[in-house]
Number of protein chains: 2
Amino acid sequence: MNSDRRRTTIKDIAETLHLSVSTVSRALQGNPRISKETTEKVKKMALSLDYSIHGPAAALRTGQGNNIGVIVPRINRQFFSSLIGGIEQVLRTNALNTFIYQTQESFENEQQGVQAMLNAGVDGLMISLSIETQAFDHIERFIRSGRPVVFFDRCMEDSSLSCVMIDDFNAAYQMTEHVLANGCKKLVYLGGSEHLMMYRNRRKGFEQALLDHHIQPSDVHIYENSLTREKGYDITRQLIETGQTPDAIVSASDFSALGSILCLKEAGINIPEQVCVTGFANELFSEVMDPSLTTVEQHAREIGMKAAEIMVRNIKGFSEIETVLIPTELIIRKSSLRHR
Amino acid sequence: MNSDRRRTTIKDIAETLHLSVSTVSRALQGNPRISKETTEKVKKMALSLDYSIHGPAAALRTGQGNNIGVIVPRINRQFFSSLIGGIEQVLRTNALNTFIYQTQESFENEQQGVQAMLNAGVDGLMISLSIETQAFDHIERFIRSGRPVVFFDRCMEDSSLSCVMIDDFNAAYQMTEHVLANGCKKLVYLGGSEHLMMYRNRRKGFEQALLDHHIQPSDVHIYENSLTREKGYDITRQLIETGQTPDAIVSASDFSALGSILCLKEAGINIPEQVCVTGFANELFSEVMDPSLTTVEQHAREIGMKAAEIMVRNIKGFSEIETVLIPTELIIRKSSLRHR
DNA sequence: TTGTAAGCGTTATCAA
DNA sequence: TTGATAACGCTTACAA
């Protein structure tokens with residue numbers, strides 16, 4: 001545990017082999033200008049001396065660090081962790097490291113995260129904005145540094161930036177149509193923050209479906225900022241207690257849908273016969289809960305992979321801007337499927 | 001999107017202010033040797049020039065990169081993502097960045113990951129071994145570089161290394177006692193890979209409880225490598241078909257427990273009255289599935305935080321070795337609680 | 001095919 | 001209180 005042990009450098013290899021550092025550097029890179037034997041010798045010595053390249057030094061010299069910063073609201077959400085899995089896989093196969101930072105949905109943390117990425121000298125930034133974020137100086141600062149930025153899921157609304165997200169409008173539209181097709185007429189919608197495009201789009205999709213099917217607006221309640229299990233529970237309880245029980249609860253989150261279902265079950269209300277409930281995200285629990293939850297599969301891993309691919313192309317010098325919509329999939333389960 | 005834009009350096013600041021780079025460097029660090037006015041001036045200019053420190057260069061000079069590598073089998077497991085959340089939080093409050101790498105349970109990826117960390121010049125390594133890992137040259141290589149290594153959850157069995165894990169033996173022991181207290185006598189155990197200490201310890205805890213309660217070994221079946229939903233389902237189906245249905249299935253994983261439950265429900269077998277089922281990990285779905293699953297809460301976040309604290313202390317020069325057992329919590333739910 | 005030397009952005013030593 | 005300069009480990013013209 002020799003903690004003041006100096007690391008092996010190419011200089012060490014050069015000295016033991018009586019070569020110059022440049023020869024060693026080139027040999028290590030497999031440069032054809034170096035003879036086969038020398039290259040072989042150098043690589044062998046590198047191995048036996050426990051050499052590993054000092055990335056930061058190489059980065060300093062070449063201006064390329066091979067590190068990509070990834071900023072997400074939370075890492076312990078099925079959606080984001082799968083998405084990161086996709087990012088990581090694509091970046092790795094392109095010899096890029098993944099630097100992760102989670103904001104915990106805090107704007108301040110997000111600012112710090114971007115600064116940390118700037119300091120770390122990452123070659124590009126992939127980010128999904130926090131719920132709180134409404135100002136973008138920190139992002140613009142990064143962009144000014146001349147390095148690529150790719151948004152995913154929660155994007156900045158600027159068409160000159162790359163963004164990969166799902167088709168929220170359509171997903172919500174289809175979901176609402178499905179609920180209406182099951183005979184529901186008095187709907188409650190549990191939405192998110194209106195300043196995030198994705199939640200606005202979901203709400204718009206919901207409303208458009210109602211419009212297209214001639215549902216009376218007076219029969220509909222829309223709640224903002226209602227994405228948590230607790231919110232779902234509380235709102236549902238309040239509706240029941242005030243005699244306003246709807247016949248469908250369409251939620252922009254599996255968690256609030258879960259809260260609603262728990263509350264309805266407690267109140268002895270039958271799902272789906274009396275009330276249909278739908279969620280959003282296809283969290284692991286949605287399949288195995290009782291009743292199983294109708295929801296939207298977002299293909300998180302693919303979103304991550306697609307975003308990473310755009311980043312890789314940008315890093316390689318193709319500075320194209322892309323906005324990609326990953327198609328969603330309606331997963332119909334018991335919580336919304338009536339038998340008539 | 002000026003991609004050949006040179007980044008602002010302290011030299012730029014120095015020139016515009018007619019100061020030397022050393023003064024600027026010191027001012028930026030808040031060195032008291034620099035006058036208040038100069039410090040102020042420099043910081044203001046840094047801001048207006050969009051300056052941010054170039055970490056790699058500073059790392060090269062100081063030998064301290066403030067980056068910690070974290071290697072995990074998978075990121076999209078509730079357990080690991082929560083754990084990483086804990087790590088990230090502690091490291092960040094100590095001005096350390098988190099470098100993440102997932103092995104997908106592959107030994108080859110793990111080797112590459114350690115190498116990537118070595119190259120990235122991280123100051124320390126936090127790692128949970130892949131299931132496949134049985135050789136440790138890559139780890140020893142990192143240790144030889146003189147930088148601290150902290151294991152979590154899946155550790156190398158070497159008392160000269162720091163490790164944070166849960167008390168698997170006791171957790172399994174308590175779980176087994178709970179099942180026995182519910183009157184079960186013919187038990188099936190679904191375990192993991194025997195070469196991982198944690199799974200060995202769980203199996204030992206299970207067996208010790210049987211021993212202490214005088215259960216006939218002939219009434220017990222132990223399966224190795226049975227941690228997935230599919231394995232749980234298949235083994236359970238096979239037991240039922242061959243007329244060997246047990247009265248309890250104790251699993252080392254929530255996923256195989258889930259598989260078992262799905263199979264039992266399909267076969268019309270009552271849980272828990274005919275068969276008790278227990279899992280391990282308290283995955284999100286275990287609470288909301290039907291029946292809710294008795295399991296073990298591992299306090300993943302705390303494991304991460306504790307491991308990160310040890311790392312931070314090592315980075316700061318205290319090279320103490322610590323093995324920490326985080327206490328678990330038995331979460332008793334419907335899948336194992338008989339009413340008599 | 002190999003070597004020399006400059007320079008990436010920063011910090012730290014020494015000098016003023 | 002500030003400045004000049006060397007050094008960290010690496011890559012890459014340019015030279016041999």
**Asked** CG of Asn31(A) versus P of dA13(D): gap in Å, rounded?
**Response** 11 Å

**Request:** Would you tell me if any nitrogen or oxygen in the side chain of Thr23(A) comes within less than 4.0 Å of OP1 or OP2 on dT2(C)?
**Result:** no

**Between dG9(C) (C1') and Gln64(B) (CD): distance, integer Å** = 18 Å

**Message:** Using the rule given for side-chain hydrogen bond (donor to acceptor under 3.5 Å, both in side chains), can you reason through Gln29(A) versus Ser25(A), listing the C-alpha separation, both sets of side-chain angles and the distance that settles it, and then say yes or no?
**Reply:** CA-CA 6 Å; Gln29(A) 293 174 80; Ser25(A) 171; 3.1 Å; yes

**Item:** Integer-rounded Å distance: dT10(C) P and Asp12(B) CG
**Value:** 9 Å

What nitrogen or oxygen pairs link the protein and nucleotides 14-16 of chain C at under 3.5 Å?
| residue | atom | partner | partner atom | Å |
| --- | --- | --- | --- | --- |
| dC14(C) | N4 | Arg33(B) | NH2 | 3.4 |

**Message:** Among Pro73(A), Ser106(A), Ser193(A), exactly one meets side-chain contact (heavy atoms from CB on, under 4.5 Å) together with Ile131(A). Which residue is that?
**Reply:** Ser193(A)

**Complete:** Contacts of Glu40(B) meeting salt bridge (charged side-chain N to carboxylate O under 4.0 Å, His left out) (sequence neighbours excluded), chain-then-number -> none

Atom pairs under 3.5 Å: protein N/O with N/O of nucleotides 7-10 of chain D:
| residue | atom | partner | partner atom | Å |
| --- | --- | --- | --- | --- |
| dA7(D) | N3 | Arg61(B) | NH1 | 3.4 |
| dC8(D) | O2 | Arg61(B) | N | 3.3 |
| dG9(D) | N2 | Ala57(A) | O | 3.1 |
| dC10(D) | OP1 | Tyr51(A) | OH | 2.5 |
| dC10(D) | OP1 | His54(A) | N | 3.4 |
| dC10(D) | OP2 | Ile10(A) | N | 2.8 |

**Request:** Could you tell me the separation between the CG atom of Leu118(A) and the C1' atom of dG9(C), rounded to a whole number of Å?
**Result:** 15 Å

**Request:** Look at Ser22(B) and dT11(C) and indicate whether a side-chain polar atom (N or O) is within less than 4.0 Å of OP1 or OP2.
**Result:** no

**For Leu96(A), the option from Val122(A), Leu91(A), Asn67(A) that meets side-chain contact (heavy atoms from CB on, under 4.5 Å)** = Leu91(A)

**Complete:** From NE2 of His18(B) across to P of dG3(D) the rounded distance in Å is 11 Å

**Request:** Taking the side chain as every heavy atom from C-beta outward, state whether Leu28(B) and Ile53(B) have any pair of such atoms under 4.5 Å apart.
**Result:** no

**Asked** Do Met156(B) and Glu140(B) have side-chain heavy atoms sitting under 4.5 Å apart?
**Response** yes

**Message:** Please give me the minimum heavy-atom distance between Leu17(B) and Val42(B), naming the atom from each residue.
**Reply:** CD1-CA, 3.8 Å

**Asked** What pairs with Ser130(B) under side chain to side chain donor-acceptor pair (under 3.5 Å), at least two apart in sequence or on another chain?
**Response** Thr133(B)

**Request:** Compute the angle between the rotation axes at the two ends of the helix from dT1(C)-dA16(D) to dA16(C)-dT1(D), each taken over five pairs, rounded to 10 degrees.
**Result:** 40°

**Message:** Rounding to an integer number of Å, can you tell me how far Glu15(A) CD sits from dG3(C) C1'?
**Reply:** 15 Å

**Fill in**
Applied to residues 108-158 of chain A, the ring pair (Phe, Tyr, Trp, His ring centres under 6.0 Å) test, sequence neighbours excluded, yields Phe107(A)-His138(A)

**Message:** Using side-chain heavy atoms (C-beta onward) and a distance below 4.5 Å, is Leu161(B) in contact with Ile143(B)?
**Reply:** yes

**Request:** Identify whether any heavy atom of Ser35(A) sits under 4.0 Å from a base atom; if not, whether one sits that close to sugar-phosphate; answer base, sugar-phosphate or nothing.
**Result:** sugar-phosphate

**Asked** Rounded to whole angstroms, how far apart are CD1 on Ile13(B) and P on dT10(C)?
**Response** 8 Å

**Message:** Is it the case that the side chain of Arg92(A) and the backbone of Gln102(B) share a donor-acceptor pair, with hydrogens and angles ignored and the cut-off at 3.5 Å?
**Reply:** yes

**Item:** Spacing between Gln29(A) atom CD and dA13(D) atom P, to the nearest angstrom
**Value:** 11 Å

